2 protein chains.
Amino acid sequence: MTAPARPQAPQGWRGVRSEVLRRIRARVWAPGDPIPNEADLAAELGVARTTVNRALRELATAGILERRRRSGTRVARHPVGRAVVEIPVLRQEIEAQGLPYAYRLLRAVRTPPPPSIVAHLSDDPALHLVALHSAGRVPYVVEDRWINLTTVPEAETQDFGAISANEWLLGRVPFTRGEIAISALPCMMLAAQALKIPAGREVLALDRTTFDDRRPVTFVRLWFRPGHRIESALML
Amino acid sequence: MTAPARPQAPQGWRGVRSEVLRRIRARVWAPGDPIPNEADLAAELGVARTTVNRALRELATAGILERRRRSGTRVARHPVGRAVVEIPVLRQEIEAQGLPYAYRLLRAVRTPPPPSIVAHLSDDPALHLVALHSAGRVPYVVEDRWINLTTVPEAETQDFGAISANEWLLGRVPFTRGEIAISALPCMMLAAQALKIPAGREVLALDRTTFDDRRPVTFVRLWFRPGHRIESALML
DNA sequence: GAGTGGTCTAGACCACTGT
DNA sequence: CAGTGGTCTAGACCACTCC
């Protein structure tokens with residue numbers, strides 16, 4: 001005689017989140033409207049305020065709500081879409097597809113960075129690496145990396161033919177923050193050769209700069225083969 | 001005679017997060033290593049377990065730690081980079097740059113979706129809209145949108161010359177989940193004309209499909225003008 | 001079965017901010 | 001100054017999973 005559990009009726013903070021979302025969708029609370037404070041909501045829904053807080057915090061992180069002390073919580077007027085993009089760890093991404101991963105170093109030169117790189121990495125002396133990551137015999141992505149030799153002097157004597165710079169840096173150098181940018185750019189010649197496409201063809205490029213506190217560590221641009229897609233689920 | 005507050009010594013859950021990060025960077029805990037359980041850490045650091053939980057949860061979300069019940073918490077072997085990308089709300093993005101926002105509808109046709117769209121949106125009848133969003137007199141992005149008329153029949157009689165489909169849909173149609181994909185694609189002719197570039201040139205394209213539960217609502221592809229970058233900060 | 005993280009609760013104090 | 005969210009605490013129970 002137990003009541004058959006309703007299939008979709010989350011409890012706890014997820015339940016509160018669902019209920020708030022339901023009311024927003026049903027226009028009980030319209031964009032720009034304030035919603036009740038945490039204490040009132042907790043009382044109404046029969047949960048502790050901590051639980052309401054957790055739910056509302058998640059919704060604010062997702063861009064659905066805007067919260068400010070004293071003035072309270074409102075439904076966002078322009079629910080900004082946010083997506084979490086995972087930066088590929090190439091070996092894993094390729095092996096996850098059941099393909100053999102191959103890595104080949106194409107260039108490793110100590111050289112002063114050109115102006116376009118200085119903008120990302122400072123004008124310290126730098127190591128320029130270019131490497132090809134392949135899925136089986138198919139070129140997958142070209143890694144075009146600059147390592148700041150003032151921040152990471154040990155890089156100069158490291159043999160990047162054996163271990164990819166990404167894996168080496170991960171274990172060796174602390175970094176505290178980073179920036180990424182995604183764009184479509186005309187492919188540099190060396191990368192175009194490796195990818196077997198015409199030089200200058202525009203391809204998907206993902207740039208990442210990482211810093212240890214304020215000291216730039218490395219700038220890397222991934223040149224993806226034509227057809228590659230960076231995919232993700234939208235938050236909420 | 002008060003002790004001068006140490007400039008960087010966060011308290012509470014942020015403090016726990018900092019301390020855990022410090023130990024990972026200092027290799028006290030190496031990639032793949034297990035770290036103490038929440039109760040022990042809480043006792044050691046002199047905080048409640050709830051506080052430790054909050055800190056470790058955030059680090060797990062950021063991809064730094066991996067947590068599993070019973071087996072405990074480990075330092076991720078491959079700290080996946082994650083970045084939160086904000087999907088542009090075009091009007092706001094343009095006006096935030098101090099430029100006048102302009103919107104022009106280029107095409108609005110009820111038509112059966114071609115196979116490439118069916119893959120995203122089902123083979124229901126659809127409304128195809130193409131619109132140009134400009135910053136001042138400079139073409140900024142072309143919106144290439146398909147609206148599922150079975151899910152959103154009201155769209156057929158709506159005048160999208162006056163209000164952009166994005167703003168109309170936001171207020172009208174609930175959606176519960178979505179997918180995005182970013183790629184470099186040869187620009188469709190109509191978009192190329194509007195952006196004043198050669199047809200077929202490859203440009204940055206952002207696809208977004210949204211669903212109301214399981215029913216596809218809309219598929220939109222944004223064709224960005226050459227040079228556009230999607231930027232974001234790396235998490236942590 | 002036992003150990004771990006996941007979550008909830010009730011209460012408390014604090015930080016920020018609009019009036 | 002007062003109201004709101006932000007956080008901490010101590011304790012508890014539960015869910016999952018490895019042994």
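Chain letters run A, B, ... following the sequence lines, proteins first, then strands; residues in each count from 1. As the structure is a computational prediction, the values presented were derived from the model and not from experiment.
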Distances under 3.5 Å only, N/O to N/O: pair up the protein atoms with those of nucleotides 17-19 of chain C.
| from | atom 1 | to | atom 2 | distance (Å) |
| --- | --- | --- | --- | --- |
| C:dG18 | OP1 | A:Arg68 | NH2 | 2.7 |

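Mapping heavy-atom proximity under 4.0 Å, the span of DNA chain D touched by chain B runs 5' to 3' from D:dT7 to D:dC19.
Using a 3.5 Å distance cut-off with no hydrogens or angles, the side chains of A:Glu93 and A:Tyr140 do pair a donor with an acceptor.
More than 12 heavy atoms of other residues, nucleotides or ligands sit less than 6.0 Å from atom CZ of A:Arg25.
Ion pairing of A:Glu66 with A:Arg74 is absent here, as no side-chain N (NZ or NE/NH1/NH2) approaches a carboxylate O to less than 4.0 Å. Salt bridge present: A:Arg23 and A:Glu44 bring a charged side-chain N and a carboxylate O closer than 4.0 Å. Comment: A:Asp207 engages B:Arg229 in a salt bridge, judged by a side-chain N to carboxylate O separation of less than 4.0 angstrom. Looking at A:Glu38 and A:Arg67, a side-chain N of the basic residue comes within less than 4.0 Å of a carboxylate O on the acidic one, giving a salt bridge.
Look at CG on B:Leu41: it is 12 Å from P on C:dT4, rounded to the nearest Å.
Exactly one of B:Arg145, B:His120, B:Arg208, B:Glu179 qualifies for a side-chain contact (heavy atoms from CB on, under 4.5 Å) with B:Phe219. That residue is B:His120.
A:Arg54 comes within contact range of the sugar-phosphate backbone alone, with a heavy-atom separation under 4.0 Å but no base atom that close.
Both B:Leu56 and A:Trp13 sit near DNA chain C, but only B:Leu56 has its closest nucleotide nearer the 5' end.
Both tests pass for A:Arg221 against the ring of A:Trp223: distance under 6.0 Å to the centre and angle within 45° of the axis.
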